[in-house]
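Structure first, then comments.
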Amino acid sequence: MQQPTRDSYDVIVIGGGPAGSTAASIVAREGDHRVLLLDREKFPRFRIGESLMPATYWTFKRVGVLDKMRESAFPTKYSVQFFSGDGNSSAPFYFDEFDDHESAQTWQVDRVDFDKMMLDHAAESGVDVVQRANVREVIEEDGQVTGVRVELLEDGSERHIDCKVVIDASGQTSMLARRHGLKQIDPKLKHASYYTRFRGAQRDTGKDAGATLIMFTREHKSWFWFIPLPGDIVSVGVVAPVEHLASYGTADLQAVFDDELENCPTLHDRLRGATQEGDVKAIRDFSYISSRIAGDGWVLAGDAFGFLDPMYSTGVFLALTSGELAADSALDALKHGDYSAARLGQHGPKYLAGMESMRRLVYAYYDPKFSFPRFLKQHPECRDTLVNLLVGNVFRIDDSDMFAKMSGMVELPEPRRLASEAEVPS
Ligand SMILES: Cc1cc2nc3c(=O)[nH]c(=O)nc-3n(C[C@H](O)[C@H](O)[C@H](O)COP(=O)(O)OP(=O)(O)OC[C@H]3O[C@@H](n4cnc5c(N)ncnc54)[C@H](O)[C@@H]3O)c2cc1C
């Protein structure tokens with residue numbers, strides 16, 4: 001049975017998804033620190049969210065998994081293409097349109113294999129990885145985190161383990177955000193998704209074979225993703241407001257999925273002759289952020305901080321990026337012996353600003369009166385910025401001019417801010 005090897009660590013990471021594995025690997029590889037990663041599940045385990053953004057490249061490179069990705073069987077993704085409800089499509093957005101570096105392409109991953117690869121890599125990087133370890137409580141003394149109480153599920157035993165920093169990467173469980181009442185749900189993006197997989201769907205060929213397709217249904221009330229995976233499998237899911245899916249008045253997920261599919265002619269054609277693999281499943285798909293990204297002795301990463309509608313496949317990219325940024329802040333805190341919220345959350349404003357850019361794009365795309373092809377026809381000079389955002393270069397470019405022009409055509413949300421954006425002592 002796996003056990004933590006010590007009673008005290010520098011950093012404890014809760015959760016071994018992409019955010020947690022990344023954060024743990026970086027702290028262990030770059031800081032010569034003692035790192036423990038705890039996950040309550042046994043990997044390989046399923047997760048939704050297969051389509052990556054190209055900018056994940058830089059985190060893969062830093063963490064040291066780029067060669068593993070290159071050698072994998074994951075299909076290469078060069079573009080994303082959007083279809084309206086009447087079947088009209090934008091031209092594919094090729095990520096290498098303005099930059100043909102290797103980082104302008106990415107992969108469609110089966111999360112069962114991808115998450116296990118990332119977790120194994122964390123262990124190879126020197127992280128103490130313990131699975132089937134359910135963190136029951138993050139222990140705080142006088143408002144400062146001092147460790148965790150964890151239940152080892154193999155034998156039901158409990159351990160108290162001390163640490164200087166907790167990185168909460170517990171996904172939508174959002175352990176610390178819930179405990180501190182920080183979770184803020186986006187009232188306009190309360191969605192759910194019904195999803196499954198198909199074998200033998202009609203896929204594009206050549207450079208388009210690995211493209212993500214986003215297809216609206218006829219009345220623009222819902223949209224489907226179509227994500228090619230290894231073998232002859234595609235991941236297909238429909239996303240819609242909760243009340244739209246509930247309006248069917250049935251708990252028969254398959255029946256609702258089939259009705260939605262009937263309403264999406266482009267996808268319907270592609271699935272003719274394909275065989276469904278497995279039941280239709282449902283997942284809540286609410287967008288949210290936490291009003292703070294850090295406290296004294298703790299920092300949030302990935303879905304544990306925030307989640308954005310999957311329209312642009314931002315989830316894993318944001319998990320990797322925030323894992324990386326949380327690791328940087330934790331390394332800085334360890335270097336200075338300062339585990340304050342200000343130091344552990346120093347990256348928060350920059351990170352949230354990037355998330356907000358993608359949220360503005362989500363709002364624009366959901367507005368039935370707005371059309372990206374029309375916008376680009378009026379403002380062709382904005383295409384470079386838009387492609388950069390679809391690549392995930394959201395933390396690297398200035399997109400203010402594009403959003404100023406876009407706001408003349410569509411109502412965009414005001415950027416949110418974190419509750420406390422204190423200065424970090426130098
Ligand atoms: C409908 C839908 C479609 C999506 N499509 C995409 C997509 O195409 N592309 C994309 O990039 N993203 C997509 N996503 C988002 C993506 O799934 C997530 O953003 C991503 O998994 C977040 O990674 P994470 O590491 O933060 O959390 P997770 O991957 O959820 O990992 C969290 C881990 O924490 C562990 N954990 C939780 N609580 C505890 C505890 N108390 N103790 C110990 N361990 C704990 C869990 O077992 C889990 O392994 C989609 C999401 C939805 C809802």
Side-chain angles (χ1 to χ4, degrees), residues 12-24 36-56 77 80 106-112 114-116 118-119 122 129-138 148-153 166-179 189 191-196 212-214 222-229 235-240 245 281-288 300-323 326 355 358 392:
I12 293 180
V13 179
I14 307 172
S21 297
T22 299
L36 172 66
L37 185 154
L38 301 165
D39 198 294
R40 64 184 170 201
E41 295 198 43
K42 171 85 185 149
F43 286 53
R45 57 102 176 91
F46 175 79
R47 266 296 176 286
I48 193 74
E50 299 97 344
S51 189
L52 302 187
M53 291 182 107
T56 52
K77 169 185 170 187
V80 56
T106 190
W107 294 272
Q108 310 282 23
V109 299
D110 191 326
R111 292 286 301 277
V112 169
F114 174 77
D115 286 22
K116 173 137 185 4
M118 293 293 288
L119 189 72
V129 173
V130 182
Q131 301 176 52
R132 304 264 297 138
N134 186 23
V135 177
R136 304 297 298 257
E137 189 191 2
V138 175
V148 303
R149 181 166 63 84
V150 58
E151 179 189 9
L152 302 172
L153 297 172
V166 163
I167 299 179
D168 179 1
S170 62
Q172 301 223 0
T173 306
S174 301
M175 260 197 103
L176 282 166
R178 273 183 215 271
R179 165 154 157 196
L189 299 175
H191 293 164
S193 175
Y194 292 0
Y195 61 94
T196 185
T212 293
L213 308 183
I214 301 291
S222 57
W223 59 271
F224 277 92
W225 73 73
F226 178 98
I227 298 173
L229 292 178
S235 163
V236 176
V238 61
V239 175
L245 294 172
K281 298 196 180 73
I283 187 163
R284 205 165 95 132
D285 183 8
F286 284 16
S287 298
Y288 59 85
L300 311 178
D303 283 6
F305 168 71
F307 170 73
L308 186 59
D309 189 278
M311 167 86 57
Y312 300 107
S313 309
T314 39
V316 172
F317 163 67
L318 290 173
L320 295 176
T321 306
S322 62
M355 239 183 131
M358 296 312 296

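Source: prediction; values computed, not measured. In each ligand, atom 1 is the first atom listed, and ligand 1 is the first ligand listed.
Remark: distances from the non-hydrogen atoms of Trp225 to ligand 1 include one below 4.0 Å. At a 4.0 Å cut-off, not a single heavy atom of Leu52 sits close enough to ligand 1 to count as contact. Ala169 counts as a contact of ligand 1, since one of its heavy atoms falls under 4.0 Å from the ligand. Under a 4.0 angstrom heavy-atom cut-off, Gly323 registers as lying outside contact with ligand 1.
For atom 26 (O) of ligand 1, the nearest non-hydrogen atom from the set Leu38, Asp303, Thr212, Ile14 belongs to Asp303. Selection from Gly49, Ser170, Gly20, Ala304 by nearest heavy atom to atom 7 (C) of ligand 1 gives Gly49. Comparing Asp39, Val148, Asp115 against atom 33 (C) of ligand 1, the shortest heavy-atom distance belongs to Asp39. In the candidate list Arg40, Arg111, Arg136, Arg40 is nearest to atom 45 (C) of ligand 1, counting heavy atoms.
For the atom pair OG (Ser222) and CG (Leu245), the distance works out to 7.5 Å, reported to the nearest 0.5 Å. Going from atom CD1 of Ile214 over to atom CH2 of Trp225 covers 9.0 Å, rounded to the nearest 0.5 Å. Rounding to the nearest 0.5 angstrom, the gap separating the CD atom in Glu41 from the CG atom in Leu153 is 10.0 Å. Atoms CG and OG1, from Asp309 and Thr314 in turn, are 7.5 Å apart once rounded to the nearest 0.5 Å. Atom CZ of Arg111 and atom OG of Ser235 lie 11.0 Å apart (nearest 0.5 Å). Arg40 CZ to Ser170 OG: the interatomic distance, rounded to the nearest 0.5 Å, is 7.5 Å.
What sits closest to atom 27 (O) of ligand 1 on the protein, heavy atoms only, is Gly171 CA, 3.5 Å. Scanning the protein for heavy atoms near atom 41 (N) of ligand 1, the closest one is Val135 O, 3.1 Å. In terms of protein heavy atoms, atom 52 (C) of ligand 1 is closest to Ile48 CG2, 3.7 Å. Scanning all protein heavy atoms for the shortest distance to atom 15 (C) of ligand 1 gives Phe307 CE1, 3.6 Å. Of the protein's non-hydrogen atoms, the one nearest atom 8 (O) of ligand 1 is Ser51 N, 3.3 Å. With hydrogens left out, the protein atom closest to atom 1 (C) of ligand 1 is Ser193 CB, 3.5 Å, a heavy atom.
Under 4.0 Å from ligand 1, the heavy atoms of Pro310 that appear belong solely to its side chain. Both the backbone and the side chain of Pro18 come within 4.0 Å of ligand 1, judged by heavy-atom distances. Within the 4.0 Å heavy-atom criterion, neither part of Tyr195 lies near ligand 1.
The shortest N or O to N or O distance between Arg45 and ligand 1 is under 3.5 Å. Between Val316 and ligand 1, at least one N/O pair is under 3.5 Å apart. Taking only nitrogen or oxygen atoms, main chain and side chain alike, Phe43 does not reach within less than 3.5 Å of ligand 1. Considering backbone and side-chain N/O atoms, Gly16 never comes within less than 3.5 Å of an N/O atom of ligand 1. For a threshold of 3.5 Å applied to N or O pairs, the pair formed by Arg47 and ligand 1 contains at least one separation below that value.
Ligand 1 places these atoms under 4.0 Å from at least one heavy atom of Glu41: 47 (O). Atoms of ligand 1 found under 4.0 Å from any heavy atom of Gly15, numbered from 1 in the order shown, are 33 (C), 34 (O), 35 (C). The Met175 neighbourhood of ligand 1 comprises atoms 41 (N), with distances under 4.0 Å to a heavy atom of that residue. Atoms of ligand 1 found under 4.0 Å from any heavy atom of Asn134, numbered from 1 in the order shown, are 40 (C), 41 (N), 42 (N). Residue Ile227 approaches ligand 1 through these ligand atoms, each under 4.0 Å from one of its heavy atoms: 8 (O). The atoms of ligand 1 that sit less than 4.0 Å from any heavy atom of Gly302 are 26 (O). Which parts of ligand 1 touch Ala19 is read off a 4.0 Å heavy-atom cut-off, strictly below it: atoms 25 (O), 26 (O). Within the listing of ligand 1, atoms 10 (C), 11 (O), 12 (N), 15 (C), 19 (O) sit less than 4.0 angstrom from a heavy atom of Gly315.
At a threshold of 4.5 Å between non-hydrogen side-chain atoms, the residues Phe43 and Ser21 do not count as touching. No side-chain heavy atom of Leu38 sits under 4.5 Å from any side-chain heavy atom of Ile14. The closest side-chain heavy-atom distance from Phe307 to Asp285 is below 4.5 Å. A heavy-atom distance below 4.5 Å is not found between the side chains of Lys281 and Thr196. In this structure the side chain of Thr22 reaches within 4.5 angstrom of the side chain of Met118, judged on heavy atoms. Residues Gln108 and Thr212 have side chains in contact (heavy-atom distance under 4.5 Å, counting atoms from C-beta outward). Between Met53 and Met358 the shortest side-chain heavy-atom distance falls below 4.5 Å.
Arg284 and Ser193 share no donor-acceptor pair across their side chains, judged by distance under 3.5 Å alone.
Between Phe46 and Tyr195, the two ring planes are parallel [angle under 30°; tilted spans 30° to 60°].
Applying the salt bridge (charged side-chain N to carboxylate O under 4.0 Å, His left out) test between Asp115 and each of Arg45, Lys42, Arg47 identifies Arg45 as the sole match.
Listed here is the closest heavy atom pair of Ala24 and Val13: CB-CG2, 3.9 Å.
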